[in-house]
There are 2 protein chains.
Amino acid sequence: MKSKEKKQAATGSERLRIKDKIFQSLRADIISQHLKPGQTVREDELAQKYGISRTPIREMLRRLEQEDLVKIVPNVGVYVSELTPRDIEEVLDLRICLESAAARSAASKITEEQMEQLREIGRQLDVAIEKQDSIISFEADTRLHDLIMVAAGNARARRLLNNLLGQIHRIRFISGHKPGRMNTTIAEHKEIIAALSDHDPDRAEQAMHIHLVKTKELLLPQSDLDAKFESFVRSSFSL
Amino acid sequence: MKSKEKKQAATGSERLRIKDKIFQSLRADIISQHLKPGQTVREDELAQKYGISRTPIREMLRRLEQEDLVKIVPNVGVYVSELTPRDIEEVLDLRICLESAAARSAASKITEEQMEQLREIGRQLDVAIEKQDSIISFEADTRLHDLIMVAAGNARARRLLNNLLGQIHRIRFISGHKPGRMNTTIAEHKEIIAALSDHDPDRAEQAMHIHLVKTKELLLPQSDLDAKFESFVRSSFSL
DNA sequence: GTATAAGGTAATTTATGCAATCTTATCTAA
DNA sequence: TTAGATAAGATTGCATAAATTACCTTATAC
């Protein structure tokens, strides 16, 4: 009896981690294209796969829907979201909009401690160039962008962007790795760091904007764009 | 038999509406301050109040959490979100960021049909001024901003903003009505319409930005702001 | 007298069974 | 042969019950 109670307590304390782990696993499967767009996702199936009941699975699926990773049709089923060129452009435009504003804000608000972290990231970028290691570059990239969102001081904006990031990573998986982009990306990042170091809002916003627009153009083939319309965000600066 | 099927179909189609209605009711109670910030919200209580089980209530609460209207502490409970001056500023800054970009985008993309709807809204604004009717002004305001989001062509941005709108309305309830603001608001709206009519992205963005910054300053007493830091969004244009 | 631990209570979280709904396939009639 | 209706199959949606967790109270030991 006592051993049983102990076991229950153990599973109980680990359950939260397990639940979160399952969610991350599901999310990763969609981002990594392991679950293909349009594919049906059944509650029952996932419940069996992960050995839990349908109730928490349902909850996870709602969260994934909120991130636009799945589409839920009432009384019918759940599907992995499609990612049309239009969808991709919407996500990337939103990113440009949010992160450009964040860079502007961060330029004024960033603390010396955060600035030191940024410089450390800058040194990692040097290492990435030296070793031509895209993994290091990618990780530094991720920390750079998140650190700027933190420095910008708008927690809601950061949460929104983190939601978008799931889809952005998914887009990366679709587009595949573009070799040769790393070095130019790093140069853009260093310009962003320099602008923040100078606490220059205009320059920081512009640097981030240019960087993200270039990233967008790389991820979204120009042929897919509707060229006759201006994008959601400005395509050039006139500061 | 046939009548039974008919009845089932009827209740089925009404069920969704009822569930949606309960959600809207809950949401309205929070926005209207009928449920006070910090107040505990129990699943059991709501389930009894609305005569449904806790499962759909849970689902609604998760949706409300996603809109930041409630805060869920795992294994503890659900609370109505607080709205500190910082929270208010975050929400309003996000709005400025999204809607300014939308106005820019809409200036290029807006169709003649949408432009005609805008002009109709403009005429409603004239009526509002003539009758000094803030209700008409508010309704025209709502349609104006949403129409611009539609014209901007970014469905995700529109959804995000609609989520923010719940909190923005809540902020309005807290701040109370400011008489005398209506006429200047309308003037700003007409400038936005004029800029869109000219298909001038810079002017449209600037007009929207100025309008929303003024709205923010009205809703958020300057004494609450941290004056030494630049906001998430630029506070002035230099076009 | 205070602090700590154990037990009880009230809430969420999970699991499971049942009902409602949608889709699809088959059968019949025109 | 095709169109429409009906029935069967599958899946979600809802409700209730069991389990777990967190908090609060109380009692005991130092």
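Chain A is the first sequence line, chain B the second, and so forth, proteins listed ahead of strands; every chain is numbered from 1.
An OP1 or OP2 oxygen of D:dT16 is reached within less than 4.0 angstrom by no side-chain nitrogen or oxygen of B:R58. B:S53 has a side-chain polar atom (N or O) that falls below the 4.0 Å cut-off from OP1 or OP2 of D:dA15.
Taking atom CG of residue B:L46 and atom C1' of nucleotide C:dT12, one finds them 14 Å apart after rounding to whole Å. Note: CD (A:E43) to P (C:dA15) measures 13 Å, nearest angstrom. Spacing between atom CG of B:N75 and atom P of C:dA10 amounts to 18 Å, rounded to whole angstrom units.
Of the candidate nucleotides D:dT11, D:dG13, C:dA15, D:dT11 has the atom nearest to the side chain of A:R42. Of all nucleotides listed (D:dC14, C:dA15, C:dT13), C:dA15 comes nearest to the side chain of A:T55.
Between A:P56 and B:V41, the one whose closest nucleotide on DNA chain C sits nearer the 5' end is B:V41.
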Would B:T215 and B:R181 count as a side chain to side chain donor-acceptor pair (under 3.5 Å) if you check the C-alpha gap in whole Å, the side-chain angles of each, and the deciding distance to 0.1 Å? CA-CA 9 Å; B:T215 302; B:R181 165 71 177 150; 3.0 Å; yes

Check the pair A:Q24, A:K21 against side chain to side chain contact (heavy atoms under 4.5 Å, CB included), reporting the backbone distance first and the verdict last. CA-CA 5 Å; A:Q24 294 298 340; A:K21 207 174 171 185; 5.8 Å; no

Step by step, would you call B:K71 with B:E82 a salt bridge (Lys or Arg N to Asp or Glu O under 4.0 Å)? CA-CA 9 Å; B:K71 184 162 181 258; B:E82 306 280 352; over 6 Å; no

Full working for side chain to side chain contact (heavy atoms under 4.5 Å, CB included) between A:L94 and B:L98: CA-CA 8 Å; A:L94 266 176; B:L98 290 174; 3.6 Å; yes

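Counting non-hydrogen atoms under 4.0 angstrom, A:I72 reaches nothing in the nucleic acid. Base contact: B:R54 has a heavy atom under 4.0 Å from a base atom.
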